Asks: 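Have a look at the structure that comes next, please.
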Amino acid sequence: MKNLINERPTLLLVDVQKAFLDPNYPGLNRNNPNAEIVCGRILNIWRELKLPVIHVRHSSIFPDSLLHESKIGFEFNDNVKPLDSELVLTKSVNSAFIGTDLSIILKESKTTTIVIVGMTTNHCISTTVRMSGNLGFNTFLISDSTACYDTKSINGDIISCETIYESSIASLNNEFARVIDSSELISMLH
């Protein structure tokens, strides 16, 4: 198994914010309830290994959104609160690369490998992973660090969060990123 630590991977935590624990966001079932805890464990390992960390948060342009900067949901989840020394970027769209200097920061730091964790699998994670892969980064998505919600189809039927999650992960794997779980990631760091 490849030793990932030699590549000095950057950990990209995307939208690990309090809104995603609110029962009203979006008011539907969610899979993988421990995703934020997994994100916190990975972040702690990154800090111990003194590897680069970038936090990205979503700032909704809609005042009623739980992710609007005026709401408590905008705050980082307690499991992943940034240290003063860690970079924080704020976005208002699905990709961490749009409206931020993320691409420039990664290129200037000579980053070639990115490990992505966060919320939600089929929205900001999928979009960020796709862009990361398309920009040429060696990209890893940690499957147990992300989650989906039940989603209404265009005809009003509910598609289960597990179906959305499995489809999203399958669409990304080996096309835009290598999808692994946190235990495999930890093995690759030692």
Side-chain angles (χ1 to χ4, degrees), residues 1-17 19-20 32 35-36 38-43 45-47 49-61 67 74 76-77 80 82-83 85-148 164-182 184-189:
M1 186 177 290
K2 181 179 182 179
N3 187 332
L4 193 58
I5 197 166
N6 294 332
E7 297 182 31
R8 294 212 32 89
T10 294
L11 177 63
L12 188 63
L13 298 108
V14 179
D15 301 351
V16 189
Q17 293 167 262
F20 296 107
N32 201 3
E36 291 89 348
V38 172
C39 291
R41 285 186 195 135
I42 293 168
L43 175 59
I45 291 167
W46 241 254
R47 288 171 174 166
L49 295 172
K50 298 186 180 356
L51 293 171
V53 173
I54 300 174
H55 299 263
V56 180
R57 65 181 165 202
H58 191 85
S59 179
S60 177
I61 60 171
L67 288 164
F74 176 75
F76 286 103
N77 181 286
V80 298
L83 300 177
S85 60
E86 294 171 346
L87 182 61
V88 174
L89 301 175
T90 303
K91 63 179 182 57
S92 61
V93 295
N94 295 106
S95 175
F97 289 94
I98 302 295
T100 69
D101 291 330
L102 179 58
S103 183
I104 294 166
I105 292 163
L106 293 169
K107 287 177 183 173
E108 286 179 353
S109 67
K110 298 187 178 12
T111 296
T112 59
T113 301
I114 303 172
V115 174
I116 299 176
V117 302
M119 298 295 285
T120 61
T121 318
N122 57 323
H123 293 113
C124 297
I125 293 300
S126 178
T127 308
T128 300
V129 166
R130 288 168 188 267
M131 286 196 72
S132 178
N134 283 334
L135 289 169
F137 294 103
N138 180 27
T139 306
F140 289 83
L141 172 60
I142 310 310
S143 60
D144 52 339
S145 75
T146 185
C148 286
I164 296 292
Y165 172 82
E166 291 297 333
S167 176
S168 297
I169 292 289
S171 297
L172 297 171
N173 191 36
N174 295 324
E175 183 70 27
F176 300 97
R178 180 169 168 200
V179 178
I180 59 175
D181 66 20
S182 59
E184 189 174 355
L185 173 65
I186 292 166
S187 294
M188 293 174 74
L189 291 169

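On a predicted model such as this, the values are computed, not experimentally measured, just so you know.
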Asks: Please enumerate all residues that pass ring-ring contact (aromatic ring centres under 6.0 Å, His included) together with Tyr165, with sequence neighbours excluded.
Replies: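 By the ring-ring contact (aromatic ring centres under 6.0 Å, His included) rule, Tyr165 matches no residue at all.
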Asks: Met131 vs Ile98, test: side chain to side chain contact (heavy atoms under 4.5 Å, CB included). Steps then yes/no.
Replies: CA-CA 9 Å; Met131 286 196 72; Ile98 302 295; 3.8 Å; yes
Asks: Would you check, one step at a time, whether the test side chain to side chain contact (heavy atoms under 4.5 Å, CB included) holds for Ile142 with Ile180?
Replies: CA-CA 5 Å; Ile142 310 310; Ile180 59 175; 3.6 Å; yes
Asks: Say you draw a straight line from OG of Ser132 to CD1 of Ile116; how long is it, rounded to the nearest 0.5 Å?
Replies: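 Going from the OG atom of Ser132 to the CD1 atom of Ile116 covers 4.5 Å.
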Asks: What is the distance from atom OG of Ser143 to atom CD of Glu166, rounded to the nearest 0.5 Å?
Replies: 8.5 Å
Asks: Indicate yes or no: at least one non-hydrogen side-chain atom of Leu102 is less than 4.5 angstrom from one of Leu12.
Replies: yes
Asks: For the residue pair Thr128 and Ser95, what are the closest heavy atoms and their distance?
Replies: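 Reported closest heavy-atom pair: OG1-CA, 3.6 Å.
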Asks: Could you check Leu51, Leu49, Thr113 and say which one makes a side chain to side chain contact (heavy atoms under 4.5 Å, CB included) with Arg8?
Replies: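 Exactly one candidate clears the test, Leu51.
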Asks: Restricting to ring-ring contact (aromatic ring centres under 6.0 Å, His included), what partner residues turn up for His58, sequence neighbours left out?
Replies: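 Expected list: none.
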Asks: What's the spacing between Lys91 NZ and Ser60 OG if we round to 0.5 Å?
Replies: 10.0 Å
Asks: Please report the shortest heavy-atom distance between Cys39 and Gly118, naming the atom on each side.
Replies: SG-N, 3.9 Å
Asks: Can you tell me how far apart CD (Glu36) and CG (Leu13) are? Round to the nearest 0.5 Å.
Replies: 11.5 Å
Asks: Contact between Phe140 and Leu4 at the side-chain level, heavy atoms closer than 4.5 Å - yes or no?
Replies: yes
Asks: Let me see the working for Leu106 and Ile54 under side chain to side chain contact (heavy atoms under 4.5 Å, CB included), right down to the final yes or no.
Replies: CA-CA 10 Å; Leu106 293 169; Ile54 300 174; 4.0 Å; yes
Asks: Just so I know, are the side chains of Thr120 and Asp15 near enough to count as touching, which here means a heavy-atom distance under 4.5 Å?
Replies: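 They are not in side-chain contact.
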Asks: Give, for atom CG of Leu141 and atom CG of Asp181, the distance between the pair rounded to the nearest 0.5 Å.
Replies: 11.0 Å
Asks: Who are the side-chain hydrogen bond (donor to acceptor under 3.5 Å, both in side chains) partners of Thr146, not counting sequence neighbours?
Replies: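 Applying side-chain hydrogen bond (donor to acceptor under 3.5 Å, both in side chains) to Thr146 gives Thr121.
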Asks: Rounded at 0.5 Å granularity, tell me how far CZ in Arg130 sits from CG in Asn94.
Replies: 11.5 Å
Asks: Got a sec, which residues hit salt bridge (Lys or Arg N to Asp or Glu O under 4.0 Å) with Arg47, two or more places apart in sequence or on another chain?
Replies: Glu86
Asks: Taking all non-hydrogen atoms of both residues into account, name the closest pair between Leu67 and Phe74 and its distance.
Replies: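 Taking Leu67 first and Phe74 second, the nearest heavy atoms are O-CD1, 3.5 Å.
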Asks: Side chains of Thr127 and Phe97, heavy atoms from C-beta outward: is any pair under 4.5 Å?
Replies: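 A side-chain contact is absent here, since even the closest heavy-atom pair is not under 4.5 Å.
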Asks: Kindly indicate, with the supporting measurements, whether the criterion side chain to side chain contact (heavy atoms under 4.5 Å, CB included) is fulfilled by Leu89 and Ile105.
Replies: CA-CA 11 Å; Leu89 301 175; Ile105 292 163; 4.1 Å; yes
Asks: What pairs of residues pass the side-chain hydrogen bond (donor to acceptor under 3.5 Å, both in side chains) test when at least one of them lies in residues 103-112, not counting sequence neighbours?
Replies: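 Sorted result for residues 103-112: Thr10-Thr111, Ser109-Thr111.
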Asks: Can you tell me if Thr139 uses its side chain to pair, donor with acceptor, with the backbone of Phe137 under 3.5 Å?
Replies: yes
Asks: Within the side chain of Asn173, is there an N or O that forms a donor-acceptor pair under 3.5 Å with the backbone of Ile169?
Replies: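 Checked: no pair found.
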Asks: Are Val117 and Val38 close enough that some pair of their side-chain heavy atoms sits under 4.5 Å apart?
Replies: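 They are not in contact (no side-chain heavy atoms under 4.5 Å apart), so the answer is no.
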Asks: How would you list, by chain and number, every residue that makes a side-chain hydrogen bond (donor to acceptor under 3.5 Å, both in side chains) with Asp144, sequence neighbours excluded?
Replies: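 Here the qualifying residues are Ser182.
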Asks: Which pair of heavy atoms, one from Ala96 and one from Thr100, lies closest together, and at what distance?
Replies: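 Looking at all heavy atoms of both residues, the closest pair is O-OG1, 2.6 Å.
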Asks: What is the minimum heavy-atom distance between Asn32 and Ser145, and which atoms define it?
Replies: ND2-N, 4.1 Å
Asks: Do the non-hydrogen side-chain atoms of Arg41 and Ile186 ever get within less than 4.5 Å of each other?
Replies: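 With C-beta onward as the side chain, the pair stays apart.
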Asks: Are side-chain heavy atoms of Trp46 and Pro9 found at a separation under 4.5 Å?
Replies: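 SC-SC contact between Trp46 and Pro9 confirmed.
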